[in-house]
Q: 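Next up is a structure, given as structure tokens.
Note: hydrogens, waters and symmetry copies are ignored here, and every other heavy atom, side chains too, is used.
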Amino acid sequence: MDIVQAIIIAVVEGLTEFLPVSSTGHMIITENLLGVDLNDPFVNAFTVIIQFGAILSVVCLYWKRFFHINEVPEGVTGIKRLLVRYDFYWKLLVAFIPAAVIGLLLSPVIDKLLGSVAVVAVMLLGVGVLLLFVDKWFARDTDKPLTEKRAFKIGLYQCIAMIPGTSRSFATIAGGMQQGLTRKTAAEFSFFLAVPTMLAASCYELLKLFMKGDASMLASHMTVLAVGFVVAFVVALGAIKWFVGFLTKYGFRAFGWYRIVVGALLLALLLSGVDLSMVD
């Protein structure tokens, strides 16, 4: 992977990470079109690590809320005091647990699915159809409080996104809306939940490289990795602001039609025998 390829992939990641269109799916398609070797351990690490770069834009944009500590009423002591004081982080942890457990258990299966344009195409199309109806199914006039139980259920929805092409953003926002949150509140919690999720995924990917003795490749590709990380971060900053406004006003329908068109086009190309790896 060279610098130009890294920049293109990072731009795609930054634009799509928070949209319900599947950033992983779009990166897989982009890497295929660019002729990037998807079996290269560095490519897999690069993909996950630049996703974390995009996720850090959430911390930058929402830093006041992300580092907010609650005031504790008098008389509250012990574990309950800690849970009240660090309520935000506690609910993030509760929502993160399902993905952490299932991700570890199904890691070999997930690795096999990654890189499959066919899987991405099917999921883009299928979830695209669902997006046409999500706003009607989960329409909410009031915003219910985010309890530990609701956070855990949103975390279960996040696990669906382990299938490439599904979209972590779609799964968690739809899960939040199903639990009674408004589109805006569900989207923001989805952003926050992405931070521990992608941090864990990045650390896990790095750990696998160290265990396989491939960690030295990170040092030899540090420039490419750093450029991709920074580009994904900067592009995502703009994408988040635009997405929150668009989603609040218009909902999911436009993203559904986009996914259907892209998924159908990819399936048509694959069924026609077209090799999507256009660059040698």
Q: Sub-3.5 Å donor-acceptor pair from the side chain of D135 to the main-chain atoms of G251, do we have one?
A: no

Q: Where is the tightest heavy-atom contact between F66 and L92, given as atom of each residue plus distance?
A: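 Here F66 and L92 meet closest at CE1-CD1, 4.3 Å.
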
Q: Suppose we call two aromatic rings close when their centres sit under 6.0 Å apart. Are F189 and F88 close by that rule?
A: no

Q: Could you measure the distance from the CE atom of M198 to the OH atom of Y204? Nearest 0.5 Å is fine.
A: 13.5 Å

Q: Can you find a pair of side-chain heavy atoms, one from V4 and one from L34, that are under 4.5 Å apart?
A: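 The answer is no, as the side chains (C-beta and beyond) never meet within the 4.5 Å cut-off.
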
Q: Could you state whether I28 and V261 fall into the same hydrophobic cluster, counting links through intermediate Ile, Leu, Val, Met, Phe, Trp or Tyr residues with side-chain heavy atoms under 4.5 angstrom apart?
A: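 No.
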
Q: Using 0.5 Å steps for rounding, measure from the CG atom of L131 to the CD1 atom of I173.
A: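 That separation rounds to 9.5 Å.
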
Q: Mind checking whether Y250 and Y258 sit in one hydrophobic cluster, side chains of I, L, V, M, F, W, Y counted as touching below 4.5 Å?
A: yes

Q: Decide whether I160 and V134 are clustered together by the hydrophobic rule: side chain heavy atoms of Ile, Leu, Val, Met, Phe, Trp, Tyr closer than 4.5 Å, transitively.
A: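 No; tracing contacts between hydrophobic side chains, which count when under 4.5 Å, never links both residues.
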
Q: How close do A95 and P98 get, counting heavy atoms only, and between which atoms?
A: O-CD, 3.3 Å

Q: Spell out, as yes or no, whether a donor-acceptor pair under 3.5 Å connects the side chain of K153 to the backbone of Q179.
A: no

Q: Could you go step by step and tell me if F152 and F96 meet the side chain to side chain contact (heavy atoms under 4.5 Å, CB included) rule?
A: CA-CA 8 Å; F152 183 77; F96 164 71; over 6 Å; no

Q: Quick one: does any side-chain atom of Q51 pair with a main-chain N or O of E13 as donor and acceptor, under 3.5 Å?
A: no

Q: Contact between V224 and D2 at the side-chain level, heavy atoms closer than 4.5 Å - yes or no?
A: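 A side-chain contact is absent here, since even the closest heavy-atom pair is not under 4.5 Å.
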
Q: Enumerate donor-acceptor pairs with a distance under 3.5 Å from any side-chain N or O in residues 54-65 to protein atoms, sequence neighbours excluded.
A:
| unit_1 | atom_1 | unit_2 | atom_2 | d |
| --- | --- | --- | --- | --- |
| S57 | OG | A54 | O | 2.4 |
| R65 | NH1 | E188 | OE1 | 2.7 |
| R65 | NH2 | E188 | OE1 | 3.3 |

Q: Just wondering, more than 12 heavy atoms not from W242 lying within 6.0 Å of its CH2?
A: yes

Q: Around atom CD1 of I69, are there more than 12 heavy atoms from other residues, nucleotides or ligands closer than 6.0 Å?
A: yes

Q: Working to the nearest 0.5 angstrom, can you tell me the gap between E31 CD and I29 CD1?
A: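 So the CD of E31 and the CD1 of I29 are separated by 10.5 Å.
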
Q: Heavy atoms only: give me the nearest L124-S22 pair and the separation to one decimal.
A: CD2-CB, 4.5 Å

Q: Spell out, as yes or no, whether a donor-acceptor pair under 3.5 Å connects the side chain of T16 to the backbone of L19.
A: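 Side chain of T16 to backbone of L19, a donor-acceptor pair under 3.5 Å: no, none is there.
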
Q: Could you point out which residue of F18, F246, F170 forms a ring pair (Phe, Tyr, Trp, His ring centres under 6.0 Å) with F255?
A: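 Of the listed options, the one satisfying the test is F246.
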
Q: Could you give the distance from CZ (R150) to CD (Q178), rounded to the nearest 0.5 Å?
A: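 Rounded to the nearest 0.5 Å, the CZ-CD separation comes out at 10.0 Å.
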
Q: Compare all side-chain heavy atoms of L132 with those of I260 and state whether any distance is below 4.5 angstrom.
A: yes

Q: What distance do C203 atom SG and I49 atom CD1 have between them, rounded to the nearest 0.5 Å?
A: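 Result: 9.0 Å between the selected atoms.
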
Q: Give a yes-or-no answer on whether the side chains of T197 and Q158 include a donor-acceptor pair shorter than 3.5 Å.
A: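 Their side chains do contain a donor-acceptor pair, which is all the 3.5 Å distance test asks for.
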
Q: State, to 0.1 Å, how close T172 and S190 come at their nearest heavy-atom pair, and which atoms those are.
A: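 Closest approach of T172 to S190, heavy atoms only: OG1-OG, 2.6 Å.
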
Q: Heavy atoms only: give me the nearest I50-A10 pair and the separation to one decimal.
A: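 What the structure gives for the nearest pair is CD1-CA, 3.9 Å.
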
Q: Going from NZ on K91 to CG on L93, what distance comes out if it is rounded to the nearest 0.5 angstrom?
A: 13.0 Å

Q: Hey, which of Y157, W137, F252 is the one that makes side-chain contact (heavy atoms from CB on, under 4.5 Å) with M177?
A: F252

Q: Could you see if L33 belongs to whatever hydrophobic cluster contains I9? Use Ile, Leu, Val, Met, Phe, Trp, Tyr and a side-chain cutoff under 4.5 Å.
A: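 In one cluster: yes.
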
Q: So, for F229 and H221, is the gap between ring centers shorter than 6.0 Å?
A: no

Q: Is T166 reaching over with its side chain to a backbone N or O of A161, donor-acceptor style, under 3.5 angstrom?
A: no

Q: Is it the case that one hydrophobic cluster holds both L199 and F67, taking links as side-chain heavy atoms less than 4.5 Å apart, direct or via other members?
A: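 Same cluster.
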
Q: By the definition side-chain contact (heavy atoms from CB on, under 4.5 Å), identify the one residue from T47, T30, V43 that meets it with V36.
A: V43

Q: Determine the minimum heavy-atom distance between S167 and R259, stating which atoms define it.
A: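 Closest approach of S167 to R259: CB-NH1, 3.6 Å.
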
